[in-house]
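One structure is given here, and the rest of the page talks about it.
These numbers come from a predicted model, not from an experiment.
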Amino acid sequence: MRPTIVFDLDGTLVDTAADLVATLNVILEREGLAAVPYAEAVPMVGHGARVLIERGLAANGVSREAAIIDRMFDDYIAHYAANIAVGSRPFPGVVAALDAFAARGWLLAVCTNKLEHLSLKLLGELGLAERFDAICGADTFLARKPDPIALTETIRRAGGVAEAAIMVGDSRTDIDTAKAAAIPVVAVDFGYTPVPVTELGPDIVISHYDDLEAAVARLRPDLIALG
């Protein structure tokens with residue numbers, strides 16, 4: 001049995017905020033609205049494009065009917081797909097950490113609420129896609145995070161089992177998902193959550209990927225030995 005380590009994508013593996021916010025502001029400006037300053041927009045990231053658009057509208061003090069938001073969403077996805085890796089980069093230490101776990105025989109997977117085709121495109125353009133045994137998005141299964149099915153099915157698709165898995169994420173959604181699936185969770189403290197992850201009850205918090213292996217060893221030494 002090979003252990004599995006599952007990562008969230010935006011704010012966990014890859015710093016995508018620059019491209020997400022840039023796309024938001026393009027869409028807002030097409031509607032004749034003001035761009036949202038980067039520092040204000042980053043905490044809006046992490047719940048999908050539709051929620052980001054709604055928050056961008058709220059920042060302008062306006063709302064739009066559902067049909068208009070649907071159109072803005074479609075425009076957002078099209079523009080973002082064409083500009084998905086302009087400023088997005090893996091967080092420091094990600095590549096080395098992935099290589100270290102792979103060398104130990106771990107299965108690697110991504111469980112994100114980003115659409116699957118966008119997740120594949122982003123990781124492909126960054127040269128990371130082939131490192132993963134499964135890349136699953138918001139539309140891969142009938143459920144998305146925080147439903148634990150999204151996580152457990154990702155693990156299954158990677159070839160692992162939930163009893164021998166670890167989750168790594170940056171938000172309440174990731175932490176709640178892992179807890180619901182009874183899977184230990186490591187939180188990174190450099191992601192996009194508006195609430196410090198230390199307040200969200202993860203099993204352990206790290207500030208750099210150099211610390212990931214030690215964190216996993218503390219949580220599940222049996223898996224480190226197994227790997």
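Hydrophobic clustering (side-chain heavy atoms under 4.5 Å, transitive across Ile, Leu, Val, Met, Phe, Trp, Tyr) groups L13 together with V168. Under the 4.5 Å side-chain contact rule for hydrophobic residues, I166 and V6 do not share a cluster. Hydrophobic clustering places W106 together with Y209 (ILVMFWY residues linked when any side-chain heavy atoms are closer than 4.5 Å, directly or through intermediates). Clustering ILVMFWY residues whenever any of their side-chain heavy atoms sit less than 4.5 angstrom apart, transitively, puts M167 in a cluster other than the one holding I206. A continuous path of ILVMFWY side-chain contacts below 4.5 Å connects Y80 to V21, so both sit in one hydrophobic cluster.
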Let me see the working for D99 and R131 under side-chain contact (heavy atoms from CB on, under 4.5 Å), right down to the final yes or no.
-> CA-CA 8 Å; D99 288 347; R131 284 179 159 84; 2.9 Å; yes
For side-chain contact (heavy atoms from CB on, under 4.5 Å), just list the numbers for L57 and M72, CA-CA rounded to whole Å, side-chain angles, deciding distance to a tenth of an Å, and then say yes or no.
-> CA-CA 11 Å; L57 292 170; M72 293 174 71; 4.0 Å; yes
Verdict with supporting geometry, L20 and L24, side-chain contact (heavy atoms from CB on, under 4.5 Å) | CA-CA 6 Å; L20 292 169; L24 170 66; over 6 Å; no
side-chain hydrogen bond (donor to acceptor under 3.5 Å, both in side chains) between T193 and D170, intermediate numbers included | CA-CA 7 Å; T193 173; D170 74 310; over 6 Å; no
May I have the step-by-step check of side-chain hydrogen bond (donor to acceptor under 3.5 Å, both in side chains) for S171 and D174, ending in yes or no?
-> CA-CA 5 Å; S171 70; D174 300 317; 3.1 Å; yes
Between K114 and V14, does a side-chain contact (heavy atoms from CB on, under 4.5 Å) hold up when you go through it step by step?
-> CA-CA 12 Å; K114 199 185 204 75; V14 181; over 6 Å; no
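Looking at E153 and C136, their side chains never come closer than 4.5 Å, going by heavy atoms from C-beta outward. Two residues are said to be in side-chain contact when any heavy atoms from C-beta on lie closer than 4.5 Å; E31 and I68 meet this criterion. Counting heavy atoms from C-beta outward, S119 and V110 have side chains that stay 4.5 Å or more apart. Between R30 and H79 the shortest side-chain heavy-atom distance falls below 4.5 Å. Inter-residue side-chain proximity for F7 and V94 is flagged as unmet; no heavy-atom pair is nearer than 4.5 Å. Proximity of R50 to D70: side-chain heavy atoms (C-beta onward) are separated by under 4.5 Å at one or more points. Put simply, the side chain of Y38 does not reach to within 4.5 Å of the side chain of N25, judged on heavy atoms. Within the 4.5 Å cutoff, no side-chain heavy atoms of T4 are placed close to those of F101.
Taking every heavy atom of both residues into account, R172 and L200 meet most closely at NH2-CD2, 3.2 Å. Across all their heavy atoms, A150 and A143 have their closest contact at CB-O, 3.8 Å. V45 approaches Y192 most closely through the heavy-atom pair CG1-CD1, 3.5 Å. Between L223 and P3, the shortest heavy-atom distance links the atoms O-CG, 3.8 Å. Residues H208 and D210 come closest through the heavy atom pair ND1-N, 2.9 Å. Between I183 and I155 the shortest heavy-atom distance is CD1-CD1, 3.4 Å.
The NZ atom of K179 sits 14.0 Å away from atom CG of L151, with the distance rounded to the nearest 0.5 Å. The structure places CD1 of I204 at 13.0 Å from OG1 of T198, a figure rounded to the nearest 0.5 Å. In this structure, the separation between CD on E65 and CZ on R71 is 9.5 Å, given to the nearest 0.5 Å. Interatomic distance, L126 CG to R89 CZ, rounded to the nearest 0.5 Å: 7.0 Å. Atom CG in L115 sits 8.0 Å away from atom CZ in R144 (nearest 0.5 Å). To the nearest 0.5 Å, atoms CG (D19) and CD1 (I84) are separated by 8.0 Å.
Checked by atom type and distance alone, the side chain of R55 pairs as donor or acceptor with a backbone atom of M44 at under 3.5 Å. Proximity of a side-chain donor or acceptor of R2 to a complementary backbone N or O of G105 within less than 3.5 Å is detected. At least one donor-acceptor pair closer than 3.5 Å links the side chain of D133 to the backbone N or O of L108. A donor-acceptor pair is defined here as one N or O able to donate and one able to accept, closer than 3.5 Å; such a pair exists between the side chain of D203 and the backbone of V185.
In this structure, K121 pairs ionically with E125, as a charged nitrogen and a carboxylate oxygen lie closer than 4.0 Å.
For I149, the CD1 atom counts as loosely surrounded, since its 6.0 Å shell holds 12 or fewer non-hydrogen atoms of other residues, nucleotides or ligands. Within a 6.0 Å sphere centred on CZ of R218, other residues, nucleotides and ligands contribute 12 heavy atoms or fewer.
Under the salt bridge (charged side-chain N to carboxylate O under 4.0 Å, His left out) test applied with K145, the options D10, D176, D8 reduce to a single match, D8.
Ring geometry for F91 against F190 counts as tilted: the plane angle lies between 30° and 60°, on a 0 to 90° scale.
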